[in-house]
Amino acid sequence: MELVGERLRLRPFRPEDLGRTRAWVADPEIARWILPAWPLLPTSWEEWTHRVYTSPDAIHFAIVLFNGRHIGNCSLHTIRWDEGVAEVGIVLGEKDCWGKGYGPEALRLLLSYAFEELGLKKVVLHVHRENVRAIRSYKKVGFTEVQGPWPLRLLRPGLVTMALEARAWNPALAR
């Protein structure tokens with residue numbers, strides 16, 4: 001299954017995507033923004049890959065331009081099916097693609113899938129307060145900051161939690 005946008009598509013994450021992903025998360029400029037979802041020790045990559053393909057509570061996509069270039073990854077993870085809630089993760093690893101609107105476009109596709117296909121009620125994300133570019137992208141597609149005792153925020157000071165509910169989702173306005 002693929003989700004197709006105006007300039008890119010989301011396709012299922014595949015084993016051949018792992019090498020690029022590994023290089024991206026090893027880059028200090030990218031790694032500083034990534035929460036501890038990605039394994040940083042080489043011995044954990046095989047375990048992580050297995051988890052990607054077998055977890056019933058996660059759906060991972062590669063972000064691919066129409067020319068075939070893999071520029072990043074995004075996911076719905078920690079899906080609580082009984083509550084209709086998931087967390088969102090995204091990384092644009094190709095730095096020359098930053099600031100061109102690819103992140104919001106990928107998020108629009110992922111959110112449409114989450115709300116319209118999967119029937120989720122709410123998606124949540126955590127972002128470093130200093131990651132202004134990411135926060136701007138999240139707001140652009142409709143996320144708002146929320147308060148509350150999120151366990152991850154308690155463990156990692158400086159995080160902002162943002163959420164978007166299905167009833168507030170309007171793909172036409174998220175452009």
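The first residue of the sequence shown is numbered 1, and numbering continues consecutively from there. The structure displayed is predicted, hence computed values, not measured ones.
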Can you name the side chain to side chain donor-acceptor pair (under 3.5 Å) partners of [X], sequence neighbours left out?
{"X": "Arg7", "result": "Glu105"}
{"X": "Glu83", "result": "Arg80"}
{"X": "Arg11", "result": "Asp17"}
{"X": "Asp27", "result": "Lys95"}

Exercise. Apply the side-chain contact (heavy atoms from CB on, under 4.5 Å) test between Leu76 and each candidate in Leu111, Asp57, Leu110; give the one that qualifies.
Key: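 Looking at Leu111, Asp57, Leu110, the match for Leu76 under the side-chain contact (heavy atoms from CB on, under 4.5 Å) is Leu110.
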Quiz prompt | Sole candidate of Leu125, Ile90, Leu164, Ile63 that passes side-chain contact (heavy atoms from CB on, under 4.5 Å) when paired with Leu107 | solution =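 Between Leu107 and the candidates, side-chain contact (heavy atoms from CB on, under 4.5 Å) is satisfied uniquely by Ile90.
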Out of curiosity, [X] [atom1] to [Y] [atom2], how far, rounded to the nearest 0.5 Å?
{"X": "Ser55", "Y": "His77", "atom1": "OG", "atom2": "NE2", "answer": "10.5 Å"}
{"X": "Thr161", "Y": "Glu87", "atom1": "OG1", "atom2": "CD", "answer": "8.5 Å"}
{"X": "His128", "Y": "Ile135", "atom1": "NE2", "atom2": "CD1", "answer": "10.0 Å"}
{"X": "Met162", "Y": "Lys139", "atom1": "CE", "atom2": "NZ", "answer": "5.5 Å"}
{"X": "Trp24", "Y": "Glu29", "atom1": "CH2", "atom2": "CD", "answer": "14.5 Å"}
{"X": "Leu92", "Y": "Lys100", "atom1": "CG", "atom2": "NZ", "answer": "11.5 Å"}

Let me check something: do [X] and [Y] share a hydrophobic cluster, defined by ILVMFWY side-chain heavy atoms less than 4.5 Å apart, either directly or through other members?
{"X": "Val91", "Y": "Trp98", "answer": "yes"}
{"X": "Val4", "Y": "Ile59", "answer": "no"}
{"X": "Val88", "Y": "Met1", "answer": "yes"}

Exercise. Would you check, one step at a time, whether the test side chain to side chain contact (heavy atoms under 4.5 Å, CB included) holds for Glu145 with Arg129?
Key: CA-CA 11 Å; Glu145 187 172 343; Arg129 186 170 301 287; 3.9 Å; yes
Quiz item: So, the side chain of His70 versus the backbone of Gly72: is there a donor-acceptor pair under 3.5 Å, distance only?
Solution: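 Yes: the side chain of His70 pairs with the backbone of Gly72.
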Quiz item: Under the 3.5 angstrom rule, does the side chain of Trp81 hit a backbone N or O of Pro56 as a donor-acceptor pair?
Solution: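 The answer is yes, because a donor-acceptor pair under 3.5 Å joins these two groups.
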Where do [X] and [Y] come nearest, in terms of heavy atoms and distance?
{"X": "Cys97", "Y": "Tyr102", "result": "O-CD1, 3.4 Å"}
{"X": "Ala86", "Y": "Leu120", "result": "CB-CD1, 3.7 Å"}
{"X": "Pro104", "Y": "Val141", "result": "O-CG1, 3.7 Å"}

Practice problem: Report yes if the side chains of Trp169 and Arg108 come closer than 4.5 Å at any heavy-atom pair, otherwise no. | Solution: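 When only atoms from C-beta onward are counted, Arg108 and Trp169 do touch, with a gap below 4.5 Å.
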Exercise. Show the numbers, then the answer: is there a side chain to side chain contact (heavy atoms under 4.5 Å, CB included) between Phe13 and Leu18?
Key: CA-CA 8 Å; Phe13 190 87; Leu18 199 55; 4.2 Å; yes
Quiz prompt | Co-members of Val64 in a cluster of I, L, V, M, F, W and Y side chains, linked at under 4.5 Å | solution =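 Its cluster mates, by chain and number: none.
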Practice problem: Indicate the ring-plane relationship of Tyr138 and Phe143, choosing parallel, tilted or perpendicular according to the 30° and 60° boundaries. | Solution: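 Perpendicular, since the angle between the ring planes exceeds 60°.
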Quiz item: Of all residues at least two apart in sequence or in a different chain, which pass the side chain to side chain contact (heavy atoms under 4.5 Å, CB included) check with Leu109?
Solution: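 So Leu109 forms a side chain to side chain contact (heavy atoms under 4.5 Å, CB included) with Leu3, Leu8, Leu10.
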Exercise. Given side chain to side chain contact (heavy atoms under 4.5 Å, CB included), test Arg9 with Phe61 step by step and report yes or no.
Key: CA-CA 9 Å; Arg9 62 191 171 92; Phe61 292 98; over 6 Å; no
